[in-house]
Amino acid sequence: MPADQAAGLRRRSARQPLSCIHCFSESTGSSVRLAHALYRMGRETLVVDTQGRLFADATTRNLFDWRRQLERGQLHILPRSHGKGWYAPGAQADDPALHGVMLAYDHVIFDAGWRDVSLGLRPDALHAVAIEIGQGDESMRHAYAVLKTLAQQGGVSCVGLLGDPGACERVRVACRRFLGQDFANVLFRAENEDDAFAELAVRMAGEETSLRACK
């Protein structure tokens, strides 16, 4: 086992729960920018490419898909400037096979793409969500559909709304009106796009610390 993974296992074994971030965005940059923000805070982060759009053009590719890699105990983890990346189309956080992988990192970011509103929320993890919303009505409707699904599932500690400020505010108001104040309380919107990723990173680290302090 690599030294950094062993160190991650020791860190994570001493502080539950696991920390997952789910990114919904039409662009491919949001997950990476969030990973960079966490990296600057000194957090060990793995970005999971669940849509096959981030690392498909990597210079090295494994002969086995991500499930087979798990079975063999040999994951093809890609070093990146923001931490680590893993090409794993179709992977979701609640897959039991991913538990050991997630133990090795402070945060695991699942690049969820945009069209798919489903996500697996494992009960032993702390979950945050980042949603990038554009100006158009279709983007706002889709973002609301994702948020409605999250409200029904429960288990999300914070949701960051990124993108167009006006669209984000309209979606936030709709959530407060139709999904209830309790769910609206987990939503936040930074004043500008650059602050949004840094603020989500800070909030995730803060949520994790506060939960550990309560145990």
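Positions are given from 1 along the sequence.
The shortest distance between side-chain heavy atoms of Thr50 and Gln92 does not fall below 4.5 Å. Put simply, the side chain of Val48 does not reach to within 4.5 Å of the side chain of Ser31, judged on heavy atoms. For the pair Ile131/Trp114, a side-chain contact is recorded, criterion being any heavy-atom separation below 4.5 Å from C-beta on. Counting heavy atoms from C-beta outward, Leu46 and Ile77 have side chains that approach closer than 4.5 Å. Side-chain contact between Met140 and Asp164: absent, with no pair of heavy atoms (C-beta onward) separated by less than 4.5 Å.
Residues passing the ring-ring contact (aromatic ring centres under 6.0 Å, His included) test with Phe110, sequence neighbours excluded: His22. His76 pairs by the ring-ring contact (aromatic ring centres under 6.0 Å, His included) definition with nothing, not counting sequence neighbours. Arg68 pairs by the salt bridge (Lys or Arg N to Asp or Glu O under 4.0 Å) definition with Glu71, not counting sequence neighbours. Under the rule for a salt bridge (Lys or Arg N to Asp or Glu O under 4.0 Å), Arg40 has no partner lying at least two apart in sequence or in another chain. Remark: Glu169 pairs with Arg172, Arg189 by the salt bridge (Lys or Arg N to Asp or Glu O under 4.0 Å) rule, at least two apart or across chains. Residues satisfying the salt bridge (Lys or Arg N to Asp or Glu O under 4.0 Å) criterion with Asp95, sequence neighbours excluded, are Arg67.
Between Thr45 and His107, the side chains place no donor N or O within less than 3.5 Å of an acceptor N or O (distance only, hydrogens not considered). Side chain to side chain, Gln51 and Arg53 fail the donor-acceptor criterion of an N or O pair below 3.5 Å.
Atom-to-atom distance recorded for Leu162:CG and Glu199:CD is 10.0 Å, nearest 0.5 angstrom. With rounding to the nearest 0.5 angstrom, the CG atom of Leu38 is 5.0 Å from the CD1 atom of Ile21. Taking OH from Tyr87 and CG from Leu54, the interatomic distance works out to 10.0 Å, rounded to the nearest 0.5 Å. Between the CG atom in Leu150 and the OH atom in Tyr144 there is a gap of 12.0 Å [rounded to 0.5 Å]. To the nearest 0.5 Å, the span separating CG on Leu98 from CH2 on Trp66 amounts to 5.0 Å. Annotation: the span from Arg170 atom CZ to Ile133 atom CD1 amounts to 11.0 Å, rounded to 0.5 Å.
Nearest approach of Ser30 to Glu132, heavy atoms of both residues: OG-OE1, 2.7 Å. Closest of all the heavy-atom pairs between His82 and Tyr39 is O-CB, 3.7 Å. When all heavy atoms are compared, the tightest approach of Ala93 to Cys20 is CB-SG, 4.2 Å. Closest non-hydrogen pair, Val101 versus Trp86, comes out as CG1-CZ3, 4.4 Å. Of all non-hydrogen atoms in Val156 and Ala128, the two that sit nearest each other are CG1-CA, 4.4 Å. Residue Asp49 comes nearest to Ala56 through the heavy atom pair OD2-N, 4.2 Å, listed as atom of the first residue, atom of the second, then distance.
Both Leu18 and Tyr105 belong to a single network of hydrophobic side chains, linked directly or stepwise wherever heavy atoms of I, L, V, M, F, W or Y lie under 4.5 Å apart. A chain of hydrophobic side-chain contacts below 4.5 Å, direct or via other Ile, Leu, Val, Met, Phe, Trp or Tyr residues, connects Val47 to Leu126. Residues Val173 and Val146 do not share a hydrophobic cluster, defined by chaining ILVMFWY side chains whose heavy atoms lie under 4.5 Å apart. Residues Phe24 and Leu121 fall within the same hydrophobic cluster, defined by Ile, Leu, Val, Met, Phe, Trp and Tyr side chains chained together at heavy-atom separations under 4.5 Å. In the hydrophobic cluster analysis, where Ile, Leu, Val, Met, Phe, Trp and Tyr join through side-chain heavy atoms closer than 4.5 angstrom, Val32 is grouped apart from Leu200.
Counting non-hydrogen atoms of other residues, nucleotides and ligands closer than 6.0 Å to CD of Glu138 gives a total of 12 or fewer.
With hydrogens and angles disregarded, a donor-acceptor distance shorter than 3.5 Å links the side chain of Gln69 to the backbone of Phe64.
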